[in-house]
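For reference, the structure discussed in these notes is given below.
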Amino acid sequence: MLSFMFFLLFLFLLSFLSGMWWLICSFLFILSFLFFINISYHGVWFNISYFFGCDYISFGLILLSFWICMLMILASESINFSNYFSRLFLFMVLLLLFLLCCAFGSMSIFSFYIFFESSLIPTLFLILGWGYQPERLQAGIYLLFYTLLASLPMLVGIIYLYIIIGSLNYFLIDFGYYFNFFYYISMILAFLVSMPMFLVHLWLPKAHVEAPVSGSMILAGVLLKLGGYGLMRMFLCLIYLGIKFNFMWISISLFGGVIISLVCLRQVDLKSLIAYSSVAHMGIVIGGVMTMFYWGFFGSYILMIGHGLCSSGLFCLANISYERLGSRSLLINSGLMNFMPSMCMWWFLLCSCNMAAPPSLNLLGEISLLNSLVGWCWLSMLSLFLLSFFSAVYTLYLYSYSQHGSFYSGIYCCSLGYVREYLLLFLHWLPLNLLILSVDFFVINFY
């Protein structure tokens, strides 16, 4: 792991030089493939160096971080073109990637907590520095205070765990020790806010709407997955309490997912609609992790990877339209099939992945999660049915309203996409539909 981190540290130096935009993007592309071929075929920790390492859960999420950060640089070419603090922007993206790799690669709960909190700082700078509207300051404060307030009890819980057990390494945590309800709440609340769960989700739509396209991509693609990853790790020492109390979070998440799906149907802002759909998808992920079944853990992991690629691609499409029309309103962005006919297919492909159409990773993840949640309690079938139905409804609403109908009268020309934009969308869509071919390897070796 340290070899990849030193690679990133040397890229920091390149970011201070002028004209290094595409070189850094190319290096991150190469680094993604170098990390991908470094996978171990034994179901244990590998690439161990100091207190960093990988297992199958962290491997996929580190790879996703490399991939999304490379695509962030590819999507933000307008910052490079206008030279709007482009070197500082590159530094922030690389710093965020470094912190995410440290968070996912940590083998200790305390170091994971440190890097989990640190990753908020570059994200905040991305929103404040390169956001679009004046309300970005309020969105940044929402993001910071929601996550910091929820994570302070977790620090107390980690110290208490160390006093009781004497170690914070994942593979030395004692499964059998009984903790109380307050410890259980303190250890998982930060991750439920980070996911985010319904009732503590209000920071996410604000942050997405105010963030630049790169901020939205990293928020939806990777930062939400930190919460799911943390839940998977924390339940190592919360097994008995989880069996006893998890029904609360499953009920809130599934009910909230249905409510948020209905909220999606009332949105008139493209980015806001995609952000609310992320909350609905993360609701079913929380439900799957909380069942504590093998199918639930595996399905949540697969859906997190699939959602990271799909949601990031949709934000890129929304930004492509925004750069042409200067607005994200669905009222102005209607009839895009006439204005940008070459982008219509990409809208269709990524919207179909968003509603879990085959052969996307989302389909496999949702099938696994349906299996685990119905196995946990058959009454959850009702909310799962409504979630799946409304997921298709709001995705079709997004696609049909934006592509069909009469277009805005202020548009007088036809606009084609750049090769860079087609490459960007292709690199979102290809792994989303190809990774399902090799997923049996992870099914067998996941735990």
Side-chain angles (χ1 to χ4, degrees), residues 1-14 24-72 93-119 122 167-173 218 221-223 225-237 297-298 300-302 304-306 308-309 361 431 434-435 437-447:
M1 280 299 296
L2 283 181
S3 58
F4 296 102
M5 290 175 186
F6 272 106
F7 196 124
L8 287 175
L9 286 174
F10 283 112
L11 284 183
F12 284 164
L13 303 176
L14 281 182
I24 289 177
C25 187
S26 306
F27 272 138
L28 286 180
F29 191 70
I30 293 166
L31 189 60
S32 304
F33 282 101
L34 287 176
F35 188 74
F36 182 68
I37 62 175
N38 212 28
I39 189 171
S40 167
Y41 292 93
H42 309 287
V44 291
W45 287 84
F46 56 95
N47 282 351
I48 296 175
S49 44
Y50 199 34
F51 53 85
F52 295 110
C54 276
D55 65 349
Y56 285 123
I57 307 176
S58 53
F59 177 81
L61 292 168
I62 293 174
L63 185 61
L64 181 69
S65 304
F66 281 134
W67 197 252
I68 294 292
C69 285
M70 180 269 293
L71 295 175
M72 281 166 63
V93 171
L94 290 171
L95 177 63
L96 181 54
L97 176 56
F98 179 76
L99 293 172
L100 285 170
C101 289
C102 291
F104 289 128
S106 293
M107 295 196 294
S108 160
I109 295 178
F110 184 70
S111 61
F112 169 69
Y113 172 81
I114 295 294
F115 293 118
F116 170 69
E117 291 303 315
S118 304
S119 62
S167 174
L168 291 175
N169 281 340
Y170 293 133
F171 40 81
L172 294 177
I173 292 175
I218 198 68
V222 185
L223 287 176
K225 314 305 176 279
L226 271 171
Y229 175 77
L231 284 178
M232 287 180 171
R233 293 296 190 201
M234 286 307 146
F235 276 122
L236 290 174
C237 59
F297 266 57
F298 172 70
S300 299
Y301 175 74
I302 291 295
M304 283 196 295
I305 301 284
L309 291 163
L361 273 180
L434 271 188
L435 284 176
L437 298 176
S438 60
V439 87
D440 54 339
F441 171 73
F442 285 93
V443 175
I444 297 165
N445 295 301
F446 189 64
Y447 258 109

For atom CZ of Phe46, is the number of surrounding heavy atoms from other residues, nucleotides or ligands below 6.0 Å larger than 12?
-> yes

Point-to-point distance, once rounded to the nearest 0.5 Å, from CG of Asn38 to CZ of Phe33 = 14.5 Å

Is Phe12 atom CZ crowded by more than 12 heavy atoms from other residues, nucleotides or ligands, each under 6.0 Å away?
-> yes

Can you see which heavy atom on Met107 is nearest to which on Phe171, and at what distance?
-> SD-CE2, 3.8 Å

Please step through side-chain contact (heavy atoms from CB on, under 4.5 Å) for the pair Leu226 and Leu61, ending with a clear verdict.
-> CA-CA 9 Å; Leu226 271 171; Leu61 292 168; over 6 Å; no

Mind checking whether Phe29 and Trp67 have side chains closer than 4.5 Å, heavy atoms only?
-> yes

Name of the residue among Ile62, Ile68, Ile218, Leu8 meeting side chain to side chain contact (heavy atoms under 4.5 Å, CB included) with Leu97 | Leu8

Do Lys225 and Ile305 have side chains that get closer than 4.5 Å, going by heavy atoms?
-> no

Quick one: closest heavy-atom pair of Leu100 and Ser65, and the distance?
-> CB-OG, 4.1 Å

Between CG of Leu231 and OG of Ser300, what distance do you get to the nearest 0.5 Å?
-> 9.0 Å

Side-chain contact, heavy-atom cut-off 4.5 Å: Phe52 with Ser106?
-> yes

When every non-hydrogen atom of Ser108 is compared with those of Tyr170, the smallest separation belongs to O-OH, 4.0 Å

For Ser49 and Leu2, indicate whether the former's side chain and the latter's backbone hold a donor-acceptor pair under 3.5 Å.
-> yes

What distance separates Leu94 CG from Leu14 CG, expressed to the nearest 0.5 Å?
-> 9.0 Å

Flag the pair Arg233 / Ile57 as yes when at least one side-chain heavy-atom distance between them is below 4.5 Å, and no otherwise.
-> yes

Heavy-atom closest contact (Ser32 atom, Phe66 atom, distance) = OG-CB, 3.5 Å

Compare every heavy atom of Ala103 with every heavy atom of Phe116, then report the nearest pair and how far apart it is.
-> N-CB, 4.2 Å

Shortest non-hydrogen pair, Pro122 vs Leu99, comes out as CG-CD1, 3.9 Å

Quick check: does any side chain N or O of Tyr301 sit under 3.5 Å from a backbone N or O of Met232, one acting as donor and the other as acceptor?
-> no

Taking C-beta and beyond as the side chain, do Leu168 and Phe112 meet within less than 4.5 Å on heavy atoms?
-> no

Result of checking Phe104, Phe7, Phe4 against Phe35 for ring pair (Phe, Tyr, Trp, His ring centres under 6.0 Å) | Phe4

Does some side-chain heavy atom of Phe51 sit less than 4.5 Å from a side-chain heavy atom of Asn169?
-> no

